[in-house]
Amino acid sequence: MTVILSTRALAKSFTLHLRGGLVMPVLAAIDLDVRAGECVVLSGPSGAGKSTLLRSLYGNYRAESGSILIRHCGAMVDLAVADPRTILAVRHETLGYVSQFLRVVPRVSALDVVAEVLLTRGIDLDSARDRARSLLLRLNIPARLHAIPPATFSGGEQQRVNLARGFIAGHPILLLDEPTASLDADNRGIVIRMVEEAKARGTAIVAICHDADVRDAIADRIFTMAPYQDAA
Amino acid sequence: MTDPTLLSGRGLGSTFGGVTALADVDVDLWPGEMLAVVGESGSGKTTLLNVLSGRLMPDTGVVWYRDPSGTLHDVHAMPAPVLRTLHRSDWGFVHQDPRQNLRMNVSAGGNVGERLMAQGERHYGNIRSVALDWLAQVEIDADRIDDLPRVFSGGMLQRLQIARTLVTHPRLVFMDEPTGGLDVSVQARLLDLIRSLVARLQIAVVLVTHDIAVARLLAHRIAVMQRGRIVETGLTDQVLDDPRHPYTQLLVSSVLNA
């Protein structure tokens, strides 16, 4: 299958100006290829840079050097040097991200949080809400909660709203940060099946996943990362 | 490909009595795009807004505006009446204090309808029905249409100002701390309104705020100002989650997480 996400010599460090300009290198020489329909799980101890890599792949953290090539609308775009508007376009069409925690918007119902992505793609409100409703129900968010803003939901419910929001648009690339961290076994099983279906559609997935059962179920390949070692 | 840039400032500089309010500022805005300008008081945010909107002549630099026909205009070279017309039609300005924009002795409906009349609408029934529609969009009850703004709460006044500004379907709106001075609950409602209206009507916005959470919620891009200069600019979540400039790092780390 075609490679649709590819990094070469990707490096990232943070300069903490409030700590006297302390430089903290986190990623160095990351070469990662992900093909359509493949799920790569990032593995390594805490502090190995898994989240930093995932955020860099989304363009949330700015790569310091190296490239992040993403297949977007038939061409390869280098996210490491793309301007903000290109990054927004890539996120809109191509690159989905499910963060660990839902960022709640005041007053927006769970249903509309999920349907929003479809609306921005010009799908009419009724069909967008229908699709959002069935995805929420599939993730065991009962209908009585759909009209309520998720601010008051439990951690597990918020995570499932977040998953619905991430999966609904069918982005060709999905980045998942601990997608099952606060879920019970039943809901973990549902997420595993959703990932399998996405893969079958040709979605490329990069995930961080500490749950060994989930990891074994979804991973085609493990990408092992080690904490950055100083040369000295 | 034609250049879609709607508003463009180049090399903007401004001083007040020897104090630098703006220096070397470049800004570009695309149609439908929201740019947040953040920074502490005195960083030059409001000066920048006033210069971009033609309300204040800069000492150096130029501001270009592209009209719907694609023609570029030097905002500060426009004759005053032309600029005024622009402010009443294609552009809008939302002030922190709605009293600066509203007419306090004219009814709520009149405040909204007045902008339409300025555009040549004369049919009373049409004006009233559009005003009613806009009051509903900013969640003001229809039975308040004949009330004077001075009996409105701060949050209602701000929503009325937004209705008055958006009724002419401007392509570009300047907002100066639109949620400043409001209670948090009132603020949330207003933010949600601005967010949905701006997205639905595809309005380009330059938003000045000192509130980083507001910028994160609303803006596509962000510019961080310090002592009259833009010290960092980029995608909103990039700049806030991976700040590079010492001042941005200070700004981001100073916010309390609720």
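Chain identifiers are assigned alphabetically (A, B, ...) following the order of the sequence lines, protein sequences preceding nucleic acid strands; residue numbering begins at 1 within each chain.
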- Query: More than 12 heavy atoms of other residues, nucleotides or ligands under 6.0 Å from CE of A:Met76: is that the case?
  - Reply: yes

- Query: For A:Arg19, does the CZ atom sit with more than 12 other heavy atoms under 6.0 Å from it, leaving out its own atoms?
  - Reply: no

Which heavy atom of [X] sits nearest a heavy atom of [Y], and at what distance?
X        : Y        : value
A:Val108 : B:Arg195 : CG2-NH1, 3.9 Å
A:His17  : B:His245 : CD2-C, 4.1 Å
B:Leu235 : A:Arg91  : CD2-NH2, 3.6 Å

- So which of A:Thr120, A:Leu16, A:Leu119, A:Leu88 has the biggest tally of heavy-atom pairs under 4.5 Å with chain B? A:Leu88

Do the side chains of [X] and [Y] get close enough for a salt bridge, i.e. N-O under 4.0 angstrom?
X        : Y        : value
B:Arg200 : A:Glu116 : no
B:Asp242 : A:Lys12  : yes
A:Arg103 : B:Asp237 : no

How long is the straight-line distance from [atom2] of [Y] back to [atom1] of [X], given to the nearest 0.5 Å?
X        : Y       : atom1 : atom2 : result
B:Leu240 : A:Asn60 : CG    : CG    : 9.5 Å
B:Arg221 : A:Ile87 : CZ    : CD1   : 11.5 Å
A:Arg85  : B:Asp28 : CZ    : CG    : 6.0 Å
B:Arg244 : A:Thr15 : CZ    : OG1   : 8.5 Å

- Task: Counting only heavy atoms closer than 4.5 Å, note whether A:Phe14 contacts chain B via side chain, backbone, both or neither.
- Result: side chain

- Item | Heavy-atom check, side chain of A:Leu18 versus side chain of B:Ser253, under 4.5 Å | yes

Interface moiety of [X] toward chain A, non-hydrogen atoms closer than 4.5 Å:
X        : answer
B:Thr233 : backbone
B:Gln187 : neither
B:Leu217 : side chain
B:Arg216 : side chain

- Query: Counting distance only, does the side-chain N/O of B:Gln238 pair as donor-acceptor with the main-chain N or O of A:Gly59 below 3.5 Å?
  - Reply: yes

